[in-house]
There are 2 protein chains.
Amino acid sequence: MPTGKPAVPSVWARQRTKREQPALSQDRIVAEAVRLLDEEGVEALSMRSLGTRLGAGATSLYRHVASKDELIELVVDEVYGELEVPAAEEAPDAWRESVTACAGSLRAMILRHPWIASVLGQVGLAQLGPNLTRQSERMLALFHRAGFPAGEADRAMSGVIAYVIGMTVSEAAYLSMLARSGQSEQELMEGLRRVAEQSVRDLPLLREGYDQRADEDPARLRDEGFAYGLERFLDGLQARLDVLASRQD
Amino acid sequence: MPTGKPAVPSVWARQRTKREQPALSQDRIVAEAVRLLDEEGVEALSMRSLGTRLGAGATSLYRHVASKDELIELVVDEVYGELEVPAAEEAPDAWRESVTACAGSLRAMILRHPWIASVLGQVGLAQLGPNLTRQSERMLALFHRAGFPAGEADRAMSGVIAYVIGMTVSEAAYLSMLARSGQSEQELMEGLRRVAEQSVRDLPLLREGYDQRADEDPARLRDEGFAYGLERFLDGLQARLDVLASRQD
DNA sequence: CACCCTAGCGCACGGTGTACGCATCGGCGT
DNA sequence: ACGCCGATGCGTACACCGTGCGCTAGGGTG
C-alpha cells in the first residue's frame, strides 16, 4: 500500500533494504530495460513502467542514470556486447568469411532487438560505449589483416556496417509492420501492392518483382536478399584488395 | 486573444475564414511541418507548436490528419519527392553514373533534413507513399536497364539504398552531435578519442585511424568515405553484371 | 428561409520526463 | 556506544504531450 505520508513506512522496506541486494544499480536497470524493450517494444519503455518492473518508483532510477536518453545509450551499448566478432588472428586469410559472420551476427542482433531501429536515430551510431568501441577495434582488425591500409580499413568497415544496418533496420521495420497488421505475409504484400498501384499507376518493374516472388518463402527471400548485397559489396572490396596488392609489387 | 468562451469570437475569425484561404489543409500542414522540422528539429514538433505556426489550435489539425504518426508518414513521403532520380532512358549505358547521382541526391536529402533519421525507425523504410513508390520504380528502371534481371534488380537497388541510408544516417547523427556539442570538430574528435581510450585501453587500429586523418578537412573526408564505399559496392555489382553477360552468351 | 455539413476550437484526460526536497539507513569517526 | 553523514529511494509537482469529445459559426444546398 502506498501510504501517502511517511508514517509507519519502514515495515516493508526494512526487509528488502536490509542486506539482500543493492536493490537498484545501473546494471540492473539497463538489463531490465533491455528485457522490457524486447518484450513490449519501444513505446512501452517509460521511466515509470521500468521502475515498476524493478519494484521501485520512477524517479528512483535517476540516482543511477542521468536521463532517459543516457539510459538508451547504455541500453544500446549493452546489446552491442552481444555481437560476435571473430578475432583477426584466428583466420588471417579468411577475412571474407569472418566479415560475413560478423555481418550475420549484427543482423541477428538487430532482429533480436528490433526496437534498436527506433532508437538509432536518437542516439546516433556514433555514440561509443565501451562495447561498441571494443567491437569496432576487433572488426577493424579483420579488414586490416585482409590487407587494407590504415586509412582505408575503416572506410571499408563503416561501409559494410552501414549496409548491414540499413538493410536490417528496413527488414525489422517490415517485420514489425507485419506483426502489427495481424495479416499473413501474403495478405500484407498483396495489400501493399494494391496501395502502391492505387496511388501511382503504371509500375511495371515493381509489379514484376512482386509477381516473381509471390510464391516463394518470404523469410528465405529476406535472407537471400541480405546475402546478395553483402556478397556484391565484398566482391568490390576484394577487387580493391587485388588492386592494392598488384600495385605493391 | 484566446477568449476562453465563445462569446464575441468571430471578429478575428471572420476575415480569415471568409474566403481567402482554405486556412488549413493537409498540404499546408505537411509543408509547415517540414519547415518546422528543418528549423527546430524533431523534438520541437508537437501538434500544439505546429498548430500555433499555422495560426490554429492543436486539435484543428486532426480534421486533416488522422494522427501524429500519419502526419510523419506524410512528411517523410513529402521529402522523398525531393529526390532526383534520372530517367533510365536518358543514359541507358551509364547506369553507374546514374546510380551515383541518385545516391548523392539521397544523401543530400537526408543531410538537408537530418530529422529523418530519428523518424525512420518509427515509420519504417517500408512505408510507401506515392512519392517513394514513384522514385523506387524509376530507380529500379536504372538497374533493370543496366542488365539486372527482374529478380535481381531490386536486390541490387535495395542494397545500394541500404548502404546510402545507413552511411548518411550515421553521418547526420555525427553532425547533429557536433552541432549540439558546440565544440569545433577537432575538439569533438579529440574528446571522443579520449572517451574511447578511457573505457577501453589498447586500441591501436582505431587510434591509427584518428591520427592519420587528424589534420585533414573533415567534410572532405566524409564525402570521400561515402564515395569509397559506394564505388566498391558498384564495382561488385558491375562484376556481377559481367558474369551475367558472359553467361548469356 | 431552413437545413446540415464541415472546419475549427476549448476543454479535459491520461500519460510522459524529470526537478526537488524529504525520509531512511548503513557505515564511519569519535 | 553513539551520533552524524553520505548515499539511496520515494512522493509530489510541473510542464508538456497526443488526442477524444462536444460545441459553435458559417457557407452551400434544398
Side-chain angles (χ1 to χ4, degrees), chain A residues 1-29 32-33 36 40-73 75 118-119 122, chain B residues 1-29 32-33 36 40-73 75 118-119 122:
Chain A
M1 297 304 97
T3 63
K5 282 304 166 189
V8 204
S10 46
V11 193
W12 319 92
R14 195 156 312 153
Q15 306 249 4
R16 178 163 48 76
T17 316
K18 248 318 176 32
R19 184 88 302 240
E20 314 188 18
Q21 296 266 48
L24 241 44
S25 73
Q26 198 174 81
D27 288 347
R28 284 214 337 127
I29 292 175
E32 191 66 39
L36 199 167
E40 311 191 42
V42 68
E43 71 268 8
L45 175 66
S46 76
M47 299 308 265
R48 286 178 236 264
S49 64
L50 183 55
T52 305
R53 281 173 78 111
L54 287 161
T59 61
S60 307
L61 309 178
Y62 284 87
R63 294 281 169 197
H64 305 90
V65 153
S67 67
K68 191 182 182 183
D69 282 349
E70 186 190 288
L71 172 65
I72 288 181
E73 287 178 23
V75 159
S118 326
V119 137
Q122 305 171 36
Chain B
M1 297 307 94
T3 64
K5 282 303 167 189
V8 204
S10 46
V11 193
W12 319 93
R14 196 160 307 156
Q15 305 251 3
R16 176 163 49 76
T17 315
K18 251 312 179 36
R19 187 85 301 239
E20 315 187 18
Q21 296 266 47
L24 241 43
S25 72
Q26 199 174 81
D27 287 348
R28 282 212 342 124
I29 291 174
E32 192 65 39
L36 199 167
E40 311 192 40
V42 69
E43 71 268 7
L45 174 67
S46 75
M47 299 308 266
R48 285 177 234 263
S49 63
L50 181 56
T52 304
R53 281 175 77 113
L54 287 160
T59 60
S60 306
L61 308 178
Y62 284 87
R63 291 281 167 196
H64 306 91
V65 154
S67 67
K68 191 183 183 184
D69 282 349
E70 186 190 289
L71 172 65
I72 289 181
E73 289 178 22
V75 160
S118 326
V119 137
Q122 305 170 35

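Proteins get letters first, then strands, A, B, ... in listed order; numbering begins at 1 in each. Keep in mind that what you see is a predicted model, and the values were worked out from it rather than measured.
Summarising the geometry, the separation between CZ on A:Arg63 and P on C:dT24 is reported as 15 Å, rounded to the nearest angstrom. When the P atom of C:dC11 is taken as reference, atom OH of B:Tyr62 falls 18 Å away, rounded to whole Å. With rounding to whole Å, B:Leu61 atom CG is found 14 Å from D:dC17 atom C1'. Distance, A:Gln26 CD to D:dT8 P: 12 Å, rounded to whole Å. Counting to the nearest Å, the C1' atom of C:dG17 and the CD atom of A:Glu70 are 14 Å from each other. Between A:Met47 atom CE and D:dC16 atom P the separation is 20 Å, expressed in whole Å. Separating the CG atom of A:Leu54 from the C1' atom of D:dC10 is a distance of 15 Å, rounded to the nearest angstrom. Rounded to whole Å, atom P of D:dC17 lies 11 Å from atom CD of B:Glu43.
Using a 4.0 Å heavy-atom cutoff across all strands shown, B:Leu45 reaches sugar-phosphate atoms only and no base atom.
In this structure, the helix from C:dC1-D:dG30 to C:dT30-D:dA1 shows an angle of 10° between the axis at its start and the axis at its end, each fitted on 5 base pairs and rounded to 10°.
Distance check: B:Leu36 CG to B:Arg53 CZ gives 4.0 Å after rounding to the nearest 0.5 Å. The structure places CD1 of B:Ile29 at 10.5 Å from OH of B:Tyr62, a figure rounded to the nearest 0.5 Å. Atom NZ of B:Lys68 sits about 8.0 Å away from atom CG of B:Leu71, to the nearest 0.5 Å. Between A:Glu32 atom CD and A:Leu50 atom CG the span is 6.5 Å, to the nearest 0.5 Å.
Contact check, A:Ser60 against D:dC10: a side-chain N or O comes under 4.0 Å of OP1 or OP2. Residue A:His64 places no side-chain N or O under 4.0 Å from the OP1 or OP2 atom of D:dA7.
The two atoms that bring B:Gly51 and B:Leu61 nearest to each other are N-CD1, 3.9 Å, heavy atoms only.
The side chain of A:Leu24 approaches D:dG9 more closely than any other nucleotide in the set D:dG9, C:dT16, D:dT19. Closest to the side chain of B:Lys68, from the set D:dC17, C:dT18, C:dG8, is D:dC17. The side chain of B:Ser67 sits closest to D:dT19 out of C:dG17, D:dT19, C:dC9.
Using a distance-only test at 3.5 Å, with no hydrogens or angles considered, no donor-acceptor pair links the side chain of B:Ser49 to the main chain of B:Leu45. Judged by distance alone, the side chain of A:Glu70 and the main-chain N or O of A:Val65 form no donor-acceptor pair under 3.5 Å.
Not a single donor-acceptor pair, N or O on each side, falls under 3.5 Å between the base of D:dG9 and the side chain of A:Thr59.
Where A:Arg48 and B:Ser49 each meet DNA chain D at their nearest nucleotide, the meeting point lying more 5' is that of A:Arg48. Along DNA chain C, the nucleotide closest to B:Gly57 and the one closest to A:Ala58 are compared, and the more 5′ of them pairs with B:Gly57.
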